Amino acid sequence: MQYLIATYWTWFVVALLAGGAVAYWLPWRRAPEGGTSHLLFWGAAAFLAGLAVAVLNWFPQRTVPYLEICLLLSFWFALGGLPGSWLRAATSRREAVSATLVANAQIESAVLGARAKAAVRSDQDSAASTKAVEEARLAVEAKAAEVVRVAAAAKAAEDAGLAAEAKATEEARVAAAAKAAEEARLATETKTAGEARLTAAVKAVQEERVAAEAKAAEAARVAAAAKPAEDARLAAEKKAAEEARLAAAVKAVQDERVAIEAKASEEARIAVAAKPAEDRTAEHKPAESKAVEGVATTTAQPELHRGSKPQGIAAPAEGEADDLKLIRGMGPRNEKACHALGIYQFRQIADWMPDEAIWVGHHIAFPGRIEREHWIAQARLLASGGETEHSRAVKSGSMIVDDKADEPLDPAAAERLGMSLPEQAAAVDEEGKHPGRRPYGLAMALGQADNLKRIRGIGPQNAGRLHGLGIWHFSQIAAWTDENVKWVGSYLASSGRIHREKWVAQARDLVAGKETESSRRGAAGNAATSKDNGSLGQGDVQSLK
């Protein structure tokens, strides 16, 4: 249809002008009281009939273009007849007024002529002449009155139509204005209610945190003021008992190891003596070195510890090993012992199972120390981009890590360390069904949360879901591994999006104090999704079911 109008527009203009000319120059076909032409009526009827045929698809497909051309020509012909009829009606009204004036002039001329004739006629013809003149005048006045009445009726009908159209337009405008005002009011009320809810939630969380901190501080103050000497005495006694127990445990482990080694040597000696000479010769050949998952084996003796040995890795590439001395209780000797087991990264320690922690505790000759000094909890926080007081002190240079750092913590210091570590985020529904590994999260933000919406690709919905996983800071996203990215992408039902939109790289730039394109647009107010209401999204926590 658009092609026909653009190509054959001149024919449609001709049809429009022809309709207007026919409606104007054929007044004898015009309906009474200024109605439209019968010819226009039949043109409109032909258009409607053709439209019905096109809708019902009565003709074959090849006749459709001709039918469309005929319909468009009929439509424009009928459309042109409307202004022609209106123009003819207006002209007719002007002609009626002119006819009235001419009729009045004719009446006046006839009266004057009659009077002149009456003056020269005889007296006996004066009565007849007067009657004829009167009758002629009455006839002309009646004709003029009829013409005026017809013109007045046509004008009244037109005025009534215009008034009805004006009324309908005004009612539609008033209704639209009322609807717009109602929608604006509802939107304002909804926005106000949402802001009030968020403000109340943030205030409640802050008040609860302040109350908990105040309660803990008060309890610590009361306890410190009530029993300082008792605490010192108990701490000294516990330290002495713990050292004695650890010494006894080390001696028992060493005695057990010596006994097992002696037994193994005796069994090997007896087995060698019992074998033939050729087997004995083959047995004394050097054994080929083996590697288990990239970690070289250092001994062929059986394991002497309870629990299970944690999985190690080959020496990582440059820059991929973490400084394990950032864990309090881990000095140079313990770090070297972990490296010998293939443990180079925080996330390896963070993944230790209880039986693996028991095995490592026996391996470094300090059973139970890993659990008591919270190595796993510290590693989880460091692996997720967080910091502890110890790690901050080591990084700033205010604390030097030497051989003394390998010594066990006293029970009081270990307890204070455990209380200073933040609570980990809770598990989510069907956490294990997603591929990869879930990143470690925090139940609450460490201080003030970061506005995660400054990362391009994270809107209010994704920010709320990340908060539900315990992700509050840019540093946590910056510490994600490929396994973490795979798990989060599956959880958010947007696999591949995190790599594609470079969430981790953006988070690392923001941690380093650099601005990204998305953060600059948000700061300038050009990105509505990056704006914040002042709570940094701490009241927006969503969990997927």
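Just so you know, residue 1 is the first one in the sequence shown, and it goes up from there. Remember, it's a predicted structure, so these values are computed and weren't measured experimentally.
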Minimum heavy-atom separation for [X] and [Y], please, with both atom names.
X      : Y      : answer
Cys338 : Leu324 : CB-CD1, 4.0 Å
Trp352 : Pro310 : NE1-CB, 3.5 Å
Gln348 : Tyr344 : OE1-N, 2.8 Å
Glu356 : Asp351 : OE1-O, 3.9 Å
Pro408 : Arg372 : CB-NH2, 4.4 Å
Ile498 : Val488 : CD1-CG1, 3.8 Å

Enter the distance from [X]:[atom1] to [Y]:[atom2] here, rounded to the nearest 0.5 Å.
X      : Y      : atom1 : atom2 : answer
Met444 : Leu446 : CE    : CG    : 10.0 Å
Arg465 : Leu452 : CZ    : CG    : 14.5 Å
Glu387 : Leu381 : CD    : CG    : 7.5 Å
Trp503 : Arg500 : CH2   : CZ    : 10.0 Å
Asp322 : Leu382 : CG    : CG    : 8.5 Å
Ile358 : Glu371 : CD1   : CD    : 6.0 Å

Taking everything shown except [X] itself, do over 12 heavy atoms lie less than 6.0 Å from its [atom1]?
X      : atom1 : answer
Arg437 : CZ    : no
Glu189 : CD    : yes
Glu389 : CD    : no
Glu431 : CD    : yes
Asp482 : CG    : no

Presence of salt bridge, Glu335 and Lys325, under 4.0 angstrom
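Judged by the 4.0 Å cut-off on N to carboxylate O distance, Lys325 and Glu335 do form a salt bridge.
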
Taking Glu170 first and then Lys167, would you say they form a salt bridge - that is, a charged N and a carboxylate O separated by under 4.0 Å?
no

Donor-acceptor pair, side chain of [X] and main chain of [Y], under 3.5 angstrom:
X      : Y      : value
Ser490 : Lys486 : no
Arg369 : Glu407 : yes
Gln506 : Glu501 : yes
Glu171 : Ala168 : no
Asn334 : Gly329 : yes
Glu373 : Met330 : no

Ring pair (Phe, Tyr, Trp, His ring centres under 6.0 Å) contacts in which one or both residues fall within [range], not counting sequence neighbours:
range            : value
residues 388-423 : none
residues 192-219 : none
residues 416-461 : His434-Trp487, His434-Tyr491
residues 164-205 : none

Check whether the side chains of Ser308 and Asp355 place a donor and an acceptor atom closer than 3.5 Å, and report yes or no.
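Checked: Ser308/Asp355 side chains pair up, N/O donor to acceptor below 3.5 Å.
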
Measure the shortest side-chain to side-chain distance between [X] and [Y] over non-hydrogen atoms and say whether it is less than 4.5 angstrom.
X      : Y      : result
His374 : Thr388 : no
Arg454 : Thr516 : no
Lys309 : Leu341 : yes
Val485 : Val504 : yes
Arg333 : Ile364 : no
Ile477 : Ile458 : yes

Under the side-chain hydrogen bond (donor to acceptor under 3.5 Å, both in side chains) test, which residues partner Gln424, sequence neighbours left out?
none

Check the pair Arg497 / Asn462 against side chain to side chain contact (heavy atoms under 4.5 Å, CB included), numbers first and verdict last.
CA-CA 12 Å; Arg497 178 180 180 183; Asn462 282 338; 3.6 Å; yes

Using the salt bridge (charged side-chain N to carboxylate O under 4.0 Å, His left out) rule, take Arg185 and Glu182 through it: C-alpha gap first, then chi angles, then the decisive distance, then the call.
CA-CA 5 Å; Arg185 184 183 63 80; Glu182 182 65 17; 2.3 Å; yes

Throw together a table of side-chain donor-acceptor distances under 3.5 angstrom for residues 397-404, partners on residues two or more places apart or in other chains.
{"from": "Ser398", "atom 1": "OG", "to": "Ala393", "atom 2": "O", "distance (Å)": "3.2"}
{"from": "Ser398", "atom 1": "OG", "to": "Ser396", "atom 2": "OG", "distance (Å)": "3.1"}
{"from": "Asp402", "atom 1": "OD1", "to": "Lys404", "atom 2": "N", "distance (Å)": "3.1"}

